[in-house]
Amino acid sequence: MTSDIYPVPASWADSATISAERYAADYVRSLDDADRFWLEQAERLEWFTPPSVADQSSFHEADFGVRWFADGVLNVSANCIDRHLATRGDQVAILWEPDAPDRPARRITFTELHAEVCRFANVLKAQGVRRGDRVTLYLPMIPEAAFAMLACTRIGAIHSIVFGGFSPEALAGRITDCDSRLVITADEGCRGGKCVSLKANVDAAARLITCLDTVIVVRATGGPVAMQDGRDIWYHDAAALVGGDCPPEPMNAEDPLFLLYTSGSTGAPKGVLHTTGGYLLWAAYTHACVFDCRDGDTYWCAADVGWVTGHSYIVYGPLANGVTTLMYEGVPNWPTPARMWQVVDRHQVTQLYTAPTALRALMREGDGFVMQTSRASLRLLGSVGEPINPEAWRWYHDVVGDGRCPIVDTWWQTETGGHMITPLPGATPLKPGAASFPFFGVEPALVDAAGVVLEGATEGNLVIARSWPGQMRTVWGDHARFFQTYFSAYPGVYFTGDGARRDTDGYWWITGRVDDVINVSGHRMGTAEVESALVLHRSVVEAAVVGFAHDIKGQGIYAYVTLNAGEVPTAALRKDLVAWVRAEIGPIATPDAIQFTPGLPKTRSGKIMRRILRKIAEGDFAALGDTSTLADPAVVDDLIANRVG
Ligand code: WTA
C-alpha cells in the first residue's frame, strides 16, 4: 500500500466551491444539525411546495422506513429542464458522441430538450401511461434514452432501465417483476462498430411473458425490424400525432421515481426503488460538490444509462445542475485505444468520470495512444465502480491528467443513489486507491462480524449509521427483503456488503465485497445468479461460482460445475456452458473459467464452503484454512489438481 499524498492543486484550492475548511465545518454541521442542514440544501431544487421536514427515517424493525422531505412537492423533469430555460435555454444540455467517429455529434440545447421530453411524455400519455405506472427502457446510449427517462418523470411514471447488454431472459424477468406494460426500445444499438438488434431481444422477451402490451420503437440505425401489429409502435409515428405541450406533474417527494434492478448475494436481481425528492437532491448536490462544474464546462461520465452511474451522473445530477453532459454511444477502445482521449479533445471535456476497468484496459495499450492527444481541457478526473489499484490511479493521474488533475475516487452503490465516500477536489489531499472521506451527512462505521463497532485505524465491514436523502426506499414488491438484506445483519445500521479499512489519517479505503457479489468490470454480478443459470443447463447437476482477481476486469468469474451422471466433461461442453450463461444473463456474466468437478466441498450439513473455492480459484492453496469440517476432505485434492489456470 502506498503512503503517497497528492496535495490539492493550487488551482483547485483557490477556486473550488468546497475548501478543506468548508468541508470540515459543513461535515460536522451535516451530522450535528442534520435537519436544518438538509432543509437548507433542499433549496437547491425548485419545489412546487418546499418541504418543512427532512429526515423521518428509522433503521429499526419496529418503525422501519426511509423518508425524507415528506411534505415537499416537485417534479424532476422541471428541475432538470424547465428551471434552466430562462437562463440557459440555448446552452447545450446533452452533447451526444456517436459510436462511429465519422458520424456527426448531436447537440441538444435545454430548449430542445424541453420540446423532446414534452413530446415523449405526450406519447406515453397517449399510450395510457399514468402516474405510478412502470415503464421499461431497453435502449442504447442515444439521447432518446435521456428523453424517455425525463418523459417518465414528467408524468410521474416510474422508469426501469434494463442495460442493453442483458439477454431477453434477463429482460423478461425485469419486465414481469414490476409488471410493466410498456417497453421503450430501439431498432438497434451500436457499440464498437457492431450493431445488436435490441428490438429482436424485446420480441424474444415478450414471448416469455404475458404483461407486455405496447412496445415503442425508436429508429436509431434504420436497421431491419419486424413490427407486430397492435403491439409495436414507431416512436416517430406516435410523436407526430401528439402536441408539444406537457406541464410537469406535481409529485410528492416520496413518490417513486425509478426502479433499477441490481444483483445481490441471494436470489434474483432486486428492483431498487428510488423516490423523487431525496434522490434528486442527492444526485444534484453530490454532482455539484464532487465535480465542481462551472459555466462553459463539458462534463463527461462514460458510463451507460443502464447502470446507476448513468442515472445519477449522466442524466439527473448534471441536468439538475444545468451542466452540459456528454453522452457517448460507444466503447473506450474503438476504433482505437485513443478514442476516449480524442473525444475529450473534440469536445473540450473538462471533467471525465470513468471506471478502473476501462483505465486498466487502456493502460495496457501503452502511453502512445494518450500522448497523441492534448487533453489540455481536462481539469478533473473521476473513478467509480470498483476499487482502483494504485498503479491505474497513477497512470490516470500522471499520463491521462498530465499530473494536473485531481482524481475523485467515488465509492457508492445503486442503493445509495449517489456518492457516499469521495474526495472533494478543492478539499481533499489524495491517496491513490483511497475513497478518502464521507460526503456531507454520511456517517460510515466499521463493525466486526459480531456487529461490534471498531474504532481507530482498522479494517471491518462497512456500515452507514444513519439515513441520507439518496438512500433507496424499498425493494420493489418486497419490503421485507429490503429490511432483511440491508438491516438485519447489524441491527440499527445500513450494511453495504463492502469491506473497508480506515487508516491512521482517517482515510477510508474500500477493500471490496464481503458477500457473494462479484464485481466484474465494475458491474455487479450475484454468484447465485450465475449458478442458477448454470444449473438450468440439462448437463449440470450443481454449480458454485466465485470471483477471482483479474488483471483487467478487477474480478473474473470462476465456475465449478458438477455434471449429471453419464455426462462427459469436454471442451465442447465447456464452450456450450459459456454460451448458455451468456444467453441466460448476458455477455457481462461470461464465465472466465469453468472447472468440472465430481463434487463440491461441503460441510456435513451440506453448505458449500465458498471460502475454499475462492482460495483455489486464486491459486492460493497454502491458505485453505480448516478443511476438517468438510464432509469429504478428498474433494479438495481433486479441485486443486484440476484447477483451470
Ligand atoms: C463497488 C456502482 C471501491 C463496491 C456505483 C460497491 C467501489 C459496488 C467503488 C456497487 C469505489 C463502487 N471503490 N469499490 N470507488 N465504487 N464500488 O451498485 O463494491 O453497480 O458495493 O454501483 O461497487 O456497485 P453498483
Side-chain angles (χ1 to χ4, degrees), residues 161-163 165-166 258-265 269-274 279 282-283 286-287 290 301-314 316-317 353-360 381-390 392-393 396 407-424 428 430-439 442 444 459 461-464 470-472 475 485-486 494-501 507-527 529 547 553-555 588-589:
I161 307 190
V162 180
F163 173 57
F166 277 123
F258 68 78
L259 271 172
L260 184 55
Y261 284 84
T262 192
S263 297
S265 46
K270 44 186 179 300
V272 166
L273 183 81
H274 282 289
Y279 169 83
W282 196 250
T286 52
H287 180 269
V290 173
C301 166
D304 190 288
V305 291
W307 309 111
V308 73
T309 307
H311 285 63
S312 302
Y313 298 113
I314 295 178
Y316 293 120
Y353 190 33
T354 189
T357 186
L359 296 172
R360 286 191 296 265
L381 302 169
S383 173
V384 58
E386 53 181 315
I388 181 166
N389 46 312
W393 195 100
Y396 201 21
I407 295 182
V408 289
D409 174 6
T410 60
W411 173 80
W412 61 294
Q413 311 178 297
T414 305
E415 294 88 338
T416 71
H419 303 150
M420 296 291 280
I421 301 182
T422 175
L424 298 178
T428 317
L430 304 171
K431 296 190 184 190
S436 74
F437 298 108
F439 190 73
V442 174
E459 190 166 336
N461 298 312
L462 178 61
V463 299
I464 311 291
Q471 185 169 24
M472 71 180 282
V475 170
T485 307
Y486 303 100
Y494 165 80
F495 177 43
T496 63
D498 280 315
R501 185 166 71 82
Y507 280 70
W508 294 80
W509 302 70
I510 309 300
T511 52
R513 300 292 303 198
V514 293
D515 56 8
D516 289 322
V517 171
I518 49 189
N519 193 323
V520 187
S521 302
H523 301 319
R524 267 165 78 160
M525 188 48 58
T527 51
E529 271 170 81
K553 301 181 183 180
Q555 281 191 299
I588 57 167

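Note that the coordinates shown come from a computational prediction; the quantities given were computed from them, not determined experimentally. Just follow the structure's listing: the first ligand is 1, and inside any ligand the first atom is 1.
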Checklist outcome for this item: atom 24 (O) of ligand 1: closest protein heavy atom, distance to 0.1 Å, is Arg524 CD, 3.1 Å

Checklist entry - Between Arg524 and Glu529, is there a side-chain N and carboxylate O pair less than 4.0 Å apart? => result no

Checklist entry - Going by distance alone, is a donor N or O of one side chain under 3.5 Å from an acceptor N or O of the other, for Thr410 and Tyr353? => result yes

Next on the checklist: Give me the residue, atom name and distance of the protein heavy atom closest to atom 18 (O) of ligand 1.
Outcome noted: Thr414 OG1, 2.6 Å

Next on the checklist: Pairs of nitrogen or oxygen atoms closer than 3.5 Å, one from Asp498 and one from ligand 1: do any exist?
Outcome noted: yes

Checklist entry - Taking both backbone and side-chain atoms of Thr496, is any N or O found less than 3.5 Å from an N or O belonging to ligand 1? => result no

Checklist entry - Does any N or O atom in Ser383 lie less than 3.5 angstrom from one in ligand 1, N or O only? => result no

Next on the checklist: Can you tell me if Trp307 contacts ligand 1 (heavy atom of the residue under 4.0 Å from the ligand)?
Outcome noted: no

Checklist entry - Is the closest N or O pair between Thr309 and ligand 1 shorter than 3.5 Å? => result no

Next on the checklist: Could you check whether any side-chain heavy atom of Ile588 comes within less than 4.5 Å of a side-chain heavy atom of Phe163, counting everything from C-beta outward?
Outcome noted: yes

Next on the checklist: What protein heavy atom lies closest to atom 3 (C) of ligand 1? Include the residue and the distance to one decimal.
Outcome noted: Pro387 N, 3.1 Å

Item to check | Any residue meeting side chain to side chain contact (heavy atoms under 4.5 Å, CB included) with Thr416, in chain and number order, not counting sequence neighbours | outcome: Trp412, Gln413, Met420, Trp468, Tyr494

Next on the checklist: If the cut-off is 4.0 Å to any non-hydrogen atom of Asp409, which atoms of ligand 1 fall inside it?
Outcome noted: 11 (C), 13 (N), 15 (N)

Checklist entry - Backbone, side chain, both or neither: what part of Asn519 comes under 4.0 angstrom of ligand 1, heavy atoms only? => result side chain

Checklist entry - Quick one: nearest non-hydrogen protein atom to atom 10 (C) of ligand 1, plus distance? => result Trp412 O, 3.6 Å

Next on the checklist: Between ligand 1 and Gly385, can you find any atom pair, the residue atom being a heavy atom, that is separated by under 4.0 Å?
Outcome noted: yes

